[in-house]
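Atoms considered below: every heavy atom in the structure, side chains included; atoms not considered: hydrogens, waters and symmetry mates. Sequence lines set the chain letters: A, B, ... in the order given, protein chains first and strands last, and positions in each chain run from 1.
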Amino acid sequence: MEVEMTRSLRIAVVCIGSMGLLLTFTGCVQKTAGLEVTGTVMPTGEGKGDLARVVLVHSPKLGRQVEAVDARHEWVGDLLKASVTLMSKVDTTLRIQYRFVWYNAEGLEEDLGGDAWTPLVLHGRESRTVQAVAPNASVRTFQVRVRF
Amino acid sequence: MRSIGLVGVSVLAILMAGCWGPRVEYGDPLASEPLTTDFGASDLQQIAAGMVDSLLAFPEIVKLTAERQPVLLVAKVRNKTMQHIDTEAITDSIRAKLIKSGKFRFIDRSTDSAILEELILQHEGGHTDPARAVPKGRQYGAEYILYANLAQFEQQLGNKRDVYYKFTMMLRSVETGLVIWSDEKEIRKVATRRWVGL
């Protein structure tokens, strides 16, 4: 009797596990965490005008496949132009999305909901640079969010 | 044994109920998840962002907008695709982004008749105090015109459909007639019919 119960439990666990896997693969469970590259133009001090860069990887899976290898900025008039180079670390083609988010010197987001997610196809081991121009002259920090 | 089976079926039913069946929810307006190869909201947003970035970063435009805000008019986009596309939505997005940049001022010919009607009412209607009527003949004229084309190229073979969109935009000086800026944005969408659910 006990052996039979253990067997049934095992079958139930396998069934539920398979269902979970199936739901994951069919898209019901979509992981949207990714990685962020933040660049802030230093306002004062010795490195004035330099770019302070921070890379945060929220998704280990994406972090294993894509790396932000460079972040730069330049000024077009009084508008900040930002560019980030993304490199594929795998041999297969990756389909990812990126989005620029902008902040002013006080850390407030500018042009809320302005830039949409943009698809990007990265072929095996390829590096591609994404760039955008700030929505207005008050922007001092940019952030590029990347996800699958 | 039977109760364990029932528990298993119940758990499965709960799991399935969460994912299947009709469901309405708010989506992310900034998302980029194409459902078909037709021209969609994400394509519009990509085009608007690409064109505005290119225009604002073009050296001659940077020079032009450094000291003053030139007056622009947005002409209608020529839709050369085989689809019905609200091309005004593209130019509306481009205009909104350019206005927010603080680099340009715009005039809008689509509301001219309403303005004219209001001016006639104020000056000839007899109901408005002449001292408080808006003076006539002081409107701005466009210095530059933004105009664009949207083209579509399509290929289909077997279960694969490949659609390529090309949006071309130009900025032309009203005074000299010269095209002083132009750029293109290309979008390619590929649909493949799959025979296996996963």
(message) Atom CG of residue position Leu178(B) - does it have more than 12 heavy atoms of other residues, nucleotides or ligands inside 6.0 Å?
(response) yes
(message) To check you understand the geometry: which heavy-atom pair defines the closest contact between Asp111(A) and Lys97(B), and what is its length?
(response) OD2-NZ, 4.5 Å
(request) Identify the heavy atoms of Trp117(A) and Ser42(B) that sit nearest to each other, and give their distance. (result) O-OG, 4.1 Å
(message) Are more than 12 heavy atoms, taken from residues, nucleotides or ligands other than Arg125(A), located less than 6.0 Å from that residue's CZ atom?
(response) yes
(request) Tell me, for Lys103(B) versus chain A, whether the close heavy atoms (under 4.5 Å) come from the side chain, the backbone, both or neither. (result) side chain
(request) Evaluate whether atom NZ of Lys61(A) has more than 12 neighbouring non-hydrogen atoms of other residues, nucleotides or ligands under 6.0 angstrom away. (result) no
(message) When you group the ILVMFWY residues by side-chain heavy-atom contacts below 4.5 Å and let the links chain together, are Ile107(B) and Leu171(B) in the same group?
(response) no
(request) Please determine if Asp28(B) and Arg99(A) form a salt bridge, counting it only when a charged side-chain N lies under 4.0 Å from a carboxylate O. (result) no
(message) Under 4.5 Å from any heavy atom of chain B, what part of Pro119(A) do you find: side chain, backbone, both or neither?
(response) both
(request) Determine, using the 4.5 Å side-chain heavy-atom cutoff (strictly less than), whether Leu150(B) and Tyr147(B) are members of one ILVMFWY cluster. (result) no
(request) Would you give the length of the straight line joining atom CG of Leu30(B) to atom OG1 of Thr118(A), rounded to the nearest 0.5 angstrom? (result) 10.0 Å
(request) Examine Leu98(B) and Val77(B) and state if one hydrophobic cluster contains both, with Ile, Leu, Val, Met, Phe, Trp and Tyr joined whenever side-chain heavy atoms are less than 4.5 Å apart. (result) yes
(message) Could you check whether atom CD of Glu88(B) has more than 12 heavy atoms from other residues, nucleotides or ligands sitting under 6.0 Å from it?
(response) no
(request) Would you mind checking which part of Arg95(A) comes under 4.5 Å of any heavy atom in chain B, side chain (CB onward), backbone (N, CA, C, O), both or neither? (result) neither
(message) Would you say Val55(A) ends up clustered with Val146(A) if hydrophobic residues are merged whenever their side chains have heavy atoms under 4.5 Å apart, either directly or through other cluster members?
(response) yes
(request) Among Val62(B), Asp53(B), Leu56(B), Ile61(B), find the one that has a side chain to side chain contact (heavy atoms under 4.5 Å, CB included) with Val76(A). (result) Val62(B)
(message) I want to check something: taking the side chain as every heavy atom from C-beta on, are Val121(A) and Arg188(B) in contact at a cut-off of under 4.5 Å?
(response) no
(request) Counting only heavy atoms closer than 4.5 Å, note whether Gln131(A) contacts chain B via side chain, backbone, both or neither. (result) backbone
(message) If I measure from the heavy atoms of chain A, does Ala57(B) come under 4.5 Å with its side chain, its backbone, both, or neither?
(response) both
